[in-house]
Novice: 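Sharing a structure with you now.
We name chains A, B, ... by the order of the sequence lines, and we start the count at 1 in each one.
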Amino acid sequence: MKPVGVLRFLGTNCDLDVFGALESLEASPQWLWYEDQFNPADYSGFVLPGGFSYGDYLRSGALAAKAPVMKSLEEANSKGQPILGICNGFQILCEAQMLPGALIKNKGLKFIDRFVDLKSVTQSAWGFDQKIHIPIAHGDGCYFATDDVVKSLFDNDQVWLTYEDNPNGSVKDIAGLLNKNKNVAALMPHPERAMNSWMGSRDGLVLLNQFLELR
Amino acid sequence: MELNEKLKKYRMSRVEYQKACDLVGHELDGIEWPLFSSLWSEHCSYKSSKVHLKKFAKLPSQNVLEGFGENAGVVDLGEGERVAFKMESHNHPSFIEPVQGAATGVGGILRDIFTMNARPILLANYLCFGDVKADRMEELVQGVVKGISGYGNSVGVANVTGKTEFHKSYNENILVNALALGYYSSEKKVFTSRESLPGHWIVYVGAHTGRDGIHGASMASQSFDGDSEASRPTVQIGDPFYEKLLIESCLEVMDRNLVESIQDMGAAGLTSSSFEMASKAKVGLKIDLDQVPLRDSTMSPEDVLLSESQERMLLIIKPENYDEIVKVFKKWNLEATRIGEVLSENKVYLHWHGELLTAIDPDLLVDGAPEYDRPFVEESNSYADFKAQSLTGADYSKTLLKVLSSPQGMSKSWIYDQYDQRVGAKTAFGCEAPYGVVRLPESERFIGMALGCRPEVMRLSSSLGAMDAIFHPALQLASGGFKPVAVTDCLNYGNPEVPEVMGQFKTSVESMIEACAALEVPVISGNVSLYNETAGKSITPTPSIGMLGLQSQEMDLVQDHFQEPNNPVFLLACPQVFWNGLWAEMNNIAPQASGTLDAAKVSEFINLVYSHAHYFKSSKVVSRFGLGYHLSLMTGQCGFKSSGNFNLSFDETFYQIIVECSKETLSLSETPSKPHLMFHDFIEAGFDVALLGETTETSDMIFDDNVKFKSTELQEAHQKGWGDAFKRL
């Protein structure tokens, strides 16, 4: 299997965590530096890690979405290759318009770090049966889209994950989303922080394996 | 400007001025003023505390790779792994401007760590606020938490533990102490600030220099006069994004062995970093101040020397590595600029657009700094003899709920929910637990970080409080199977020119040393913050402690709340000091206490707890508000039922620990009917072992038929305190 490309922007701070998690799953991760373009065919999939690219200045994800590496990612997307965005990666994918809607400040306006329970909604290959217990850590995690977009998300089976107890005010409790074509998936919670029982949960494995199986 | 005005501007005393003149051989002139003012400030020179701090050197040091004198201490954990850690205060700036004051406190302590080539993996903070209803307190709490979370979350270092205190002695002078720990895997080398040779170049990297923080060090070395507003321009502004780039770029150039020596520009900025580097390496420097990248071209050389702009580093490099270094920093969108070179003659030459401003021996400013053995008065510990007080069932029930929601007893989740506790994917225990736990990537062993110093004990007695500041976190770590390895401290005191304050300081240092010696742990780094007083009123003397523990035995992590029903719950005790504690303070009763701490005995107890920790399913050290309060914090997942009469009281005993064991471990003891035998070694050593009761299926806490609590009401009380205290937060 070809390697998984991990995008790295200035300020990204979950890069090493995601890289390590993918290594432990034998997915042979490789760095993709923000200034460089790449050939999508050299990779089996792509991950955009979380964590304050460009210090969240301007808007979370806004500056990263304009980095040169995103041109190649757009190309990979048009070829239908699997792409996973985590936290800031979700924000970047929205800013790059590879996913609809936007992530705005949490209800309550504060950063929130805690474990949450998730369930899967989609009937697509991204779906699963069990409930998932993993951590969130974000200030801008409130998913927002206009009513007609939200309706289309459900009509098109694009809602990947929802919160059991909505922590941030996201519309329809949305925690994770798919694009129409079902090759792009993104979520606000951090699967790479729930890989071992000593971390408090191993449920992150379910989500990362789901992505890896779709390659 | 006449002399008196200058002394005032540069915050120097006449005596010190005279000493400086004698050293340089003439009246201070031009640029010499700011140099002496900043390097001889309390903040940079430790002139009042050095004489006592030297006593820490007596402690065992076989695992210490770097101690005082470097940016942070480094200890060897075996298996090739090492960690660097240190705690530092940012009290004065945080009171003036809480968001930036606290944020730059985090930024500064992180730089102390990665300067030494350790990758920061853990943050912790020790905060003391005033009475919750005091003027500005809501704003200060909100601001400090926003500052810490905004900075730490963005640079991406997990904030895994903290301690927050409220007391009126901090009304006009809050404490913000930040701790950072960095990790070296086996192939990483420790870098220091003392490796420079003549011919090396001095390279400035990071943010441009601006006017922020000028005179910050001397500001932090003075008491507040009540007009903190006017000091705002001396507070620095932090940029966590820049810091993150600086972390990655600095670690990269060190990894590739492109630098010889490295030092961050902290208090007193370029002045202290350059002069200290020169003095330590016994070399001279030639610095072209006009080459320093500036935010504002109208800055004077004095401004450039004293600016405390954040996110800046000074590197000493071999000239042949310059081009490669510039390339690495450019990759991270940062600039590296050559600003001078290292000379063999032990003199620092400062130039400004070709003009020589001064040529001065750095040792005059660093080693020549005044050192005082200030007069002190030993404190007299006068308090009434302790008389145990039990409450009736009805009174106890009502009061426990009140205590759970009091500022001293309430949950602090409002604070720590705003900290990223898991970035780095190494966190096992975050802020909810009594101490933080992270996993070392290479050996997969766990380390624990526990904070010490209970201000209420310091208010009772500096000697007792300072010993407890060591023993309490050590017992917490031991209760989870972590062996104490090393300590960092942050000594926050009032005005050292007041003999009573100096007495508190001296007693505290000696008591901490006594406790550390008994435990055989070194103090490897730290910081002293004096002049924590406003309008003549000093804070509670507060020696905050960060203690590192290592878990090297094969065992499961020990949780801090009950795990499964029908398990026996024991109380293990080394009863030495009895008192009415915070409970007395809350009720405005005079403190009563009896007993003293026998350091050897307490250490023996802590070591036994450590060696028995693999039997524990869950454990908790009993401290403020006594046994019932701590049992209530352990219920939720399971409940608790007392097996005999329960002493309904908020009194406190040093030291006690509640442990839950599994039924299976009981069968390991020779006589299952006498489960105490598992704790045979404790009994042998003269410690107390008592069966308190057992865990239950229902989550309630039952002391007897009349005194029982629903777990939901306990949790509600614990959670609602914050909202009661701070209506707008």
Novice: Check for a donor-acceptor pair, side chain of B:S249 on one end and backbone N or O of B:L246 on the other, with a separation under 3.5 Å.
Specialist: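 Yes, because the side chain of B:S249 sits within donor-acceptor range (under 3.5 Å) of the backbone of B:L246.
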Novice: Determine yes or no for a side-chain-to-main-chain donor-acceptor pair under 3.5 angstrom, with A:Q210 supplying the side chain and A:G127 the backbone.
Specialist: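 Such a contact is found between A:Q210 side chain and A:G127 backbone.
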Novice: With a 4.5 angstrom heavy-atom cut-off, which part of A:Y34 approaches chain B: side chain, backbone, both or neither?
Specialist: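 For A:Y34, the contact with chain B is made by the side chain alone.
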Novice: Is B:F446 in contact with chain A via its backbone, its side chain, both, or neither, using a 4.5 Å heavy-atom distance?
Specialist: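 B:F446 touches chain A through side-chain heavy atoms alone.
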Novice: Relative to chain A, which of B:V157, B:D556, B:I247, B:V155 shows the most heavy atom pairs under 4.5 Å?
Specialist: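 Ranked by contacts with chain A, first place is B:V155.
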Novice: Identify which part of B:K331 has an atom lying under 4.5 Å from any heavy atom of chain A, answering side chain, backbone, both or neither.
Specialist: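 The answer is both parts of B:K331.
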Novice: So do the side chains of A:W160 and A:L177 get within less than 4.5 Å of each other, counting heavy atoms only?
Specialist: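 They are not in side-chain contact.
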Novice: Anything under 3.5 Å between a donor and an acceptor, one on a side chain of residues 63-76 of chain A, the other on a protein residue two or more places apart or in another chain? List them.
Specialist:
residue : atom : partner : partner atom : Å
A:S72   : OG   : A:F38   : N            : 2.9
A:S72   : OG   : A:F38   : O            : 3.4
A:E75   : OE2  : A:K79   : NZ           : 3.4

Novice: Please classify the contact between A:Y57 and chain B as side chain, backbone, both or neither, with a heavy-atom cut-off of under 4.5 Å.
Specialist: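 The answer is the side chain of A:Y57.
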Novice: Less than 4.5 Å apart, any side-chain heavy atom of B:E432 and any of B:D560?
Specialist: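 Side chain of B:E432 against side chain of B:D560, heavy atoms only: no contact under 4.5 Å found.
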Novice: Given a strict heavy-atom distance threshold of 4.5 Å, which part of A:S197 is in contact with chain B: side chain, backbone, both, or neither?
Specialist: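 Neither part; nothing is under 4.5 Å.
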Novice: Could you walk me through whether A:K110 and B:W414 pass side chain to side chain contact (heavy atoms under 4.5 Å, CB included), step by step?
Specialist: CA-CA 10 Å; A:K110 292 197 298 285; B:W414 185 92; 3.4 Å; yes
Novice: Is the closest basic N to carboxylate O distance between B:E81 and B:K188 below 4.0 Å?
Specialist: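 Result for this pair is no, no salt bridge flagged.
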Novice: Under 30°, 30 to 60°, or over 60°: which ring-plane class applies to A:W126 and A:F211, parallel, tilted or perpendicular?
Specialist: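 Rings of A:W126 and A:F211: parallel, as their planes differ by under 30°.
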Novice: Could you tell me which residues in residues 415-428 of chain B have at least one non-hydrogen atom under 4.5 Å from a non-hydrogen atom of chain A, sorted by residue number?
Specialist: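 Within residues 415-428 of chain B, the residues that come under 4.5 Å of chain A (heavy atoms only) are B:D417, B:Q418, B:Y419, B:D420, B:Q421, B:R422, B:V423, B:G424, B:A425, B:K426, B:T427, B:A428.
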Novice: Within a strict 4.5 Å, meaning less than it, do heavy atoms of the A:L10 and B:F241 side chains meet?
Specialist: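 The answer is yes, as the side chains (C-beta and beyond) meet within the 4.5 Å cut-off.
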